[in-house]
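Below is one structure; the comments refer to it alone.
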Amino acid sequence: MLLIYAIALLLAGLFVVNSVFAYQSKHIDPAFWTTIWYQAKMLPLFFIANILIGYGIKFTHKVIGSLTFTLTFAKGLEILVTILIAYLFMKEVPNVKTALGLAVVIVGFWISRLK
């Protein structure tokens, strides 16, 4: 059950961070001061996202017992969230390169769990 909470925390935090940057990329003027103002307004969201991701990593590490696997797993979740955010914000559909990248991460999971 703790692993489910950990994954939910990781997904929520990663979704917030990637959404903030995707929104900035699509809707915020790239001028320096406009970007600074937007980022300043997003600091509370980044703080919350960092807490969510931090606890997600902590709980996943507690269940799995390997920090290397935990961080690799979190990176895999981030790739999935990034694909989802790219579709939602930019209407980008994953292609063969995306599938190959995801396959590399999955093979990395498998290799990291070999004893």
Side-chain angles (χ1 to χ4, degrees):
M1 193 63 174
L2 187 59
L3 186 59
I4 293 171
Y5 293 141
I7 291 171
L9 290 169
L10 280 169
L11 286 173
L14 292 168
F15 193 86
V16 168
V17 169
N18 285 291
S19 295
V20 166
F21 287 126
Y23 184 85
Q24 176 182 339
S25 150
K26 187 166 184 176
H27 298 292
I28 303 300
D29 181 31
F32 181 74
W33 291 111
T34 308
T35 302
I36 293 291
W37 178 239
Y38 173 75
Q39 288 293 326
K41 291 189 292 187
M42 294 298 112
L43 283 175
L45 283 178
F46 279 119
F47 178 73
I48 292 168
N50 279 330
I51 291 173
L52 292 171
I53 293 168
Y55 273 105
I57 298 246
K58 179 178 182 157
F59 293 155
T60 304
H61 180 259
K62 186 174 183 179
V63 171
I64 303 293
S66 167
L67 186 59
T68 302
F69 182 79
T70 299
L71 294 175
T72 307
F73 178 73
K75 188 56 70 179
L77 283 178
E78 183 175 6
I79 291 170
L80 292 175
V81 168
T82 303
I83 292 169
L84 178 64
I85 293 293
Y87 179 75
L88 293 175
F89 279 86
M90 308 293 188
K91 301 301 181 222
E92 293 177 6
V93 178
N95 58 21
V96 174
K97 291 179 186 176
T98 308
L100 287 173
L102 204 50
V104 167
V105 171
I106 291 169
V107 169
F109 286 150
W110 179 70
I111 290 172
S112 71
R113 294 308 295 174
L114 291 176
K115 301 248 176 190

Worksheet item: G13 and A49: which non-hydrogen atoms are nearest, and at how many Å?
Response: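 What the structure gives for the nearest pair is O-CB, 3.6 Å.
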
- prompt: Between OG1 of T35 and CE of M42, what distance do you get to the nearest 0.5 Å?
  reply: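 T35 atom OG1 to M42 atom CE measures 12.0 Å (nearest 0.5 Å).
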
Honestly curious: do [X] and [Y] fall in one hydrophobic cluster under the side-chain, below-4.5 Å linking rule?
X	Y	value
L9	V63	yes
F32	Y38	no
V20	W37	no
I36	F47	no
L52	L2	yes

(message) Could you work out, with ring-ring contact (aromatic ring centres under 6.0 Å, His included) as the rule, every residue matching Y87, not counting sequence neighbours?
(response)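 Counting only residues at least two positions away or on another chain, Y87 forms no ring-ring contact (aromatic ring centres under 6.0 Å, His included).
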
Fill in: Pairing residues for F59 by the ring-ring contact (aromatic ring centres under 6.0 Å, His included) criterion, not counting sequence neighbours
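ring-ring contact (aromatic ring centres under 6.0 Å, His included) list for F59, sorted by chain: Y55.
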
Tell me, please, which residues at least two apart from Q39 pass side chain to side chain donor-acceptor pair (under 3.5 Å).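 Q24.
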
Scan for side-chain hydrogen bond (donor to acceptor under 3.5 Å, both in side chains) pairs involving residues 42-51, sequence neighbours excluded, and state none if there are none.
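Applying side-chain hydrogen bond (donor to acceptor under 3.5 Å, both in side chains) to every pair that reaches into residues 42-51, excluding sequence neighbours, yields nothing.
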
Looking at P30, is its backbone amide N or carbonyl O close enough to the side chain of T34 to form a donor-acceptor pair, meaning the two atoms are under 3.5 Å apart?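 Pair absent, no side-chain N/O of T34 close to backbone of P30.
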
Exercise for the section: Using side-chain contact (heavy atoms from CB on, under 4.5 Å) as the criterion, list what pairs up with L43, not counting sequence neighbours. Expected result: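 L43 satisfies side-chain contact (heavy atoms from CB on, under 4.5 Å) with no other residue.
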
Only counting residues at least two apart or in another chain, list the ones meeting side-chain contact (heavy atoms from CB on, under 4.5 Å) with I53.
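Once residues adjacent in sequence are excluded, the partners of I53 under the side-chain contact (heavy atoms from CB on, under 4.5 Å) criterion are L10, L14, V17, I57.
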
Linked hydrophobic residues, I4 as query - side chain contacts closer than 4.5 Å: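 Traced through the cluster, I4 reaches M1, Y5.
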
- salt bridge (charged side-chain N to carboxylate O under 4.0 Å, His left out) pairs, two or more places apart, involving residues 23-47: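 Qualifying pairs, neighbours excluded: none.
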
inquiry  = Applying salt bridge (charged side-chain N to carboxylate O under 4.0 Å, His left out) as the test, list every pair that has at least one member in residues 8-23; sequence neighbours left out.
reply    =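 Found none.
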
Please list, one pair per line, the donor and acceptor atoms closer than 3.5 Å that link side chains of residues 65-86 to other protein atoms, with sequence neighbours excluded.
{"unit_1": "S66", "atom_1": "OG", "unit_2": "F69", "atom_2": "N", "d": "3.3"}
{"unit_1": "T70", "atom_1": "OG1", "unit_2": "S66", "atom_2": "O", "d": "2.8"}
{"unit_1": "T72", "atom_1": "OG1", "unit_2": "T68", "atom_2": "O", "d": "2.7"}
{"unit_1": "K75", "atom_1": "NZ", "unit_2": "E78", "atom_2": "OE1", "d": "3.0"}
{"unit_1": "T82", "atom_1": "OG1", "unit_2": "E78", "atom_2": "O", "d": "2.7"}

Under 3.5 Å, side-chain donor or acceptor atoms of residues 88-108 against the rest of the protein: list the pairs with distances, not counting sequence neighbours.
{"unit_1": "K91", "atom_1": "NZ", "unit_2": "L88", "atom_2": "O", "d": "3.3"}
{"unit_1": "N95", "atom_1": "OD1", "unit_2": "K97", "atom_2": "N", "d": "3.1"}
{"unit_1": "N95", "atom_1": "OD1", "unit_2": "T98", "atom_2": "N", "d": "3.1"}
{"unit_1": "N95", "atom_1": "OD1", "unit_2": "T98", "atom_2": "OG1", "d": "3.2"}

